[in-house]
Amino acid sequence: MTDSTEARYPNSEALYARALKVIPGGVSSPVRAFRAVGGTPLFITRAAGAEVTDADGRTYLDMVGSWGPLIAGHAHPDVAGAVREALGRGTTFGAPCEPEVALAERVVASYPGIEQVRFVSSGTEAVMSAIRLARAYTGRDLIVKFAGCYHGHADHLLVAAGSGLATFGKPSSAGVPEAFTACTCVLPLDDEAAARALFARQGARIAAVIIEPVPANHGLLLQRREFLAALRQLTREHGTLLIFDEVISGFRLARGGAAELYGITPDLATFGKVIGGGMPVGAFGGPRRIMSRLAPEGDTYQAGTLSGNPVAMTAGLATLDVLERSQGWEQLERTGAELEALLRPVLERAPFPVHLVRQGSLIWMAFNEAGAPRAAATLTERESGRFAQLFHAMLARGVYLPPSAYEACFLSLAHTRAHLQRFTQALADALPAVT
Ligand SMILES: *Cc1c(COP(=O)(O)O)cnc(C)c1O
C-alpha cells in the first residue's frame with residue numbers, strides 16, 4: 001500500500017490516539033474506524049457541498065454523505081439557515097410543535113399508503129417501533145428478515161442466518177440472548193421459493209416481513225420487482241405485515257421511496273437519514289388502522305424525549321424543500337447516470353473484475369469476481385484486499401470513499417459534473433496502483 005504509507009495524517013492520528021483512550025475503538029459507530037481498509041480514520045473538521053475537510057487541512061470529494069442523510073450536500077445554505085432560525089426559538093420543548101406536523105403531512109403526501117407517522121430519533125428506533133407495532137397489530141411474534149439487510153442494532157434484528165431453512169436465526173452479536181432471536185427467521189434475498197416454503201410452514205405465526213426494498217448495506221443488492229411482489233402477495237395471503245425499511249431509500253430514490261419506484265405498497269415503512277436532513281431523526285408510518293394501535297390511542301407503548309424535535313424536524317423539512325424546489329430526484333438520477341457512464345469504461349480496463357451497480361444516487365463498485373450479487377455474498381480476502389488498496393489510493397488522490405467494500409457511495413445534489421470527472425480521473429489513476 002505505497003499510497004497509504006506515503007500519506008500521513010498527523011492531526012487525525014493524534015486525535016485518534018486521544019479517542020482510543022476514551023471511546024471504544026476510537027469511534028461512535030464501528031464502520032468509521034477504517035478497520036476494513038486499515039489506517040487511521042480521518043477526523044473531519046468541516047464540510048461544504050460535496051467536500052469534507054480533515055483535521056490536517058486536506059479537502060476531499062466526499063462519496064459518503066454521512067452514510068445517506070446529506071442528499072442536499074453538506075451545510076446546504078437553506079438547511080443550515082432554517083436550522084439556525086429554529087435554534088433561536090429553542091432546541092426542544094417536550095411538547096408538540098408545528099414542524100413535526102408539517103413533516104408528518106409531507107410524509108403522508110409523499111409515500112403510498114401512509115396516513116399517519118410517528119417520529120423517533122434514529123433509524124434503529126424506527127424499525128424497533130415498527131416491529132413492536134406489527135406484533136401488536138397481528139397478535140403474532142415471529143418476524144422475517146433477509147440476510148444482507150441491515151435494520152439498525154435492535155437486539156432481535158442482530159441475527160445471522162442459521163444453517164438450513166428450518167432454523168431460526170442466531171445472534172450475530174455478543175450480548176443478544178438466543179431467546180431474543182428465536183422469534184426472527186432469516187431468509188436469503190432474491191429467493192421466492194425460500195419465502196414460500198417458510199410461509200407454508202409458519203405463515204400463520206409471522207407478524208411481519210421486513211426488508212430493505214433496495215438493500216444498500218451489504219453492497220447494493222438490487223432486487224427483482226417480482227421478488228418484492230411475491231413478498232407482497234405472500235404477506236397479504238397470510239395476514240402478515242410487510243415492512244419496507246426505507247431508512248436509506250426513503251426520499252432518496254424517489255419522493256415515495258422504493259415503494260414508488262417499484263409500485264409496491266408496504267403496510268408499514270420506516271425512515272431515517274434523508275428525512276432528518278443531517279439531524280438525528282427516524283420515523284415510521286402506515287395506515288391509520290395500524291398506527292392507531294400506538295399509545296396514547298392504542299395499547300402499544302412507544303415514546304421519546306427528543307422525538308419530533310423542532311430543530312431536527314426543521315432540518316428534515318428544509319431538506320425536502322430543497323429536493324422539491326430543485327426537482328432533486330430527477331437531478332440525482334441524472335447525476336447517477338452520468339457517473340455510471342463515466343465509470344464504466346474505466347472499470348472495464350481495470351486489472352481485475354469490478355462491477356458497477358447503481359440505483360439513482362446510490363452507486364456501488366462490487367469487487368466480487370463472480371459478478372454483482374443479488375443476495376448477500378462474502379468477499380474473499382483477495383477481493384476485499386483490492387478494495388482496501390483502492391480506498392487508500394483514492395484517498396491519496398483526494399476522494400473519500402466509504403471505508404468498506406460493502407458500502408455504496410452516496411451522491412448528493414451538490415455533486416457537479418466537475419466532481420464526477422474528478423472522481424473518474426482519480427479512479428483511472430488509482431486502479432493500476434492496486435495489485
Ligand atoms: C442506517 C440504517 C438503519 C439504522 O439507522 P440509524 O439511524 O443508524 O439507527 C436502519 N435501516 C437501514 C436500512 C439503514 O440503512
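Both counts, for ligands and for their atoms, begin at 1 and track the order of listing.
Between the side chains of Arg118 and Ser307, not a single donor N or O lies within less than 3.5 Å of an accepting N or O. A side-chain donor from one of Glu237 and Gln233 sits under 3.5 Å from a side-chain acceptor of the other. In summary, the side chains of Thr300 and Arg132 do not present any donor paired with an acceptor at a separation below 3.5 Å, with no hydrogens or angles considered.
If you number the atoms of ligand 1 from 1 as listed, the ones under 4.0 Å from a heavy atom of Ile248 come out as 15 (O). Each of the atoms 4 (C), 5 (O), 6 (P), 7 (O), 9 (O) of ligand 1 lies under 4.0 Å from some heavy atom of Gly123. Ligand 1 places these atoms under 4.0 Å from at least one heavy atom of Thr124: 4 (C), 5 (O), 6 (P), 9 (O). For ligand 1, the atoms closer than 4.0 angstrom to any heavy atom of His151 are 10 (C), 11 (N). Listed by atom number, the atoms of ligand 1 under 4.0 Å from Ser122 heavy atoms are 7 (O), 9 (O). Near Lys273, meaning under 4.0 Å from any of its heavy atoms, are these atoms of ligand 1: 1 (C), 2 (C), 3 (C), 14 (C), 15 (O). Near Asp245, the atoms of ligand 1 lying under 4.0 angstrom from a non-hydrogen atom of the residue are 10 (C), 11 (N), 12 (C), 13 (C). Atoms of ligand 1 lying under 4.0 Å from at least one heavy atom of Asn217, given by number and element, are 12 (C), 13 (C), 14 (C), 15 (O).
Heavy atoms of other residues, nucleotides or ligands lying less than 6.0 angstrom from NE2 of His238 number more than 12.
In this structure, atom 8 (O) of ligand 1 is not in close contact with the protein, since no protein heavy atom lies within 4.0 Å of it.
With a heavy-atom cut-off of 4.0 Å, Glu212 touches ligand 1 through its side chain alone.
A salt bridge links Arg422 with Glu51: at least one charged nitrogen is closer than 4.0 Å to a carboxylate oxygen.
A donor-acceptor distance shorter than 3.5 angstrom exists from the side chain of Tyr406 to the backbone of Leu379, with no hydrogens or angles considered.
For the salt bridge (Lys or Arg N to Asp or Glu O under 4.0 Å) condition, the pairs that include at least one residue of residues 67-84, sequence neighbours left out, are Asp78-Arg325.
With sequence neighbours left out, Phe34 forms a ring pair (Phe, Tyr, Trp, His ring centres under 6.0 Å) with Phe391.
For a threshold of 3.5 Å applied to N or O pairs, the pair formed by Val247 and ligand 1 contains no separation below that value.
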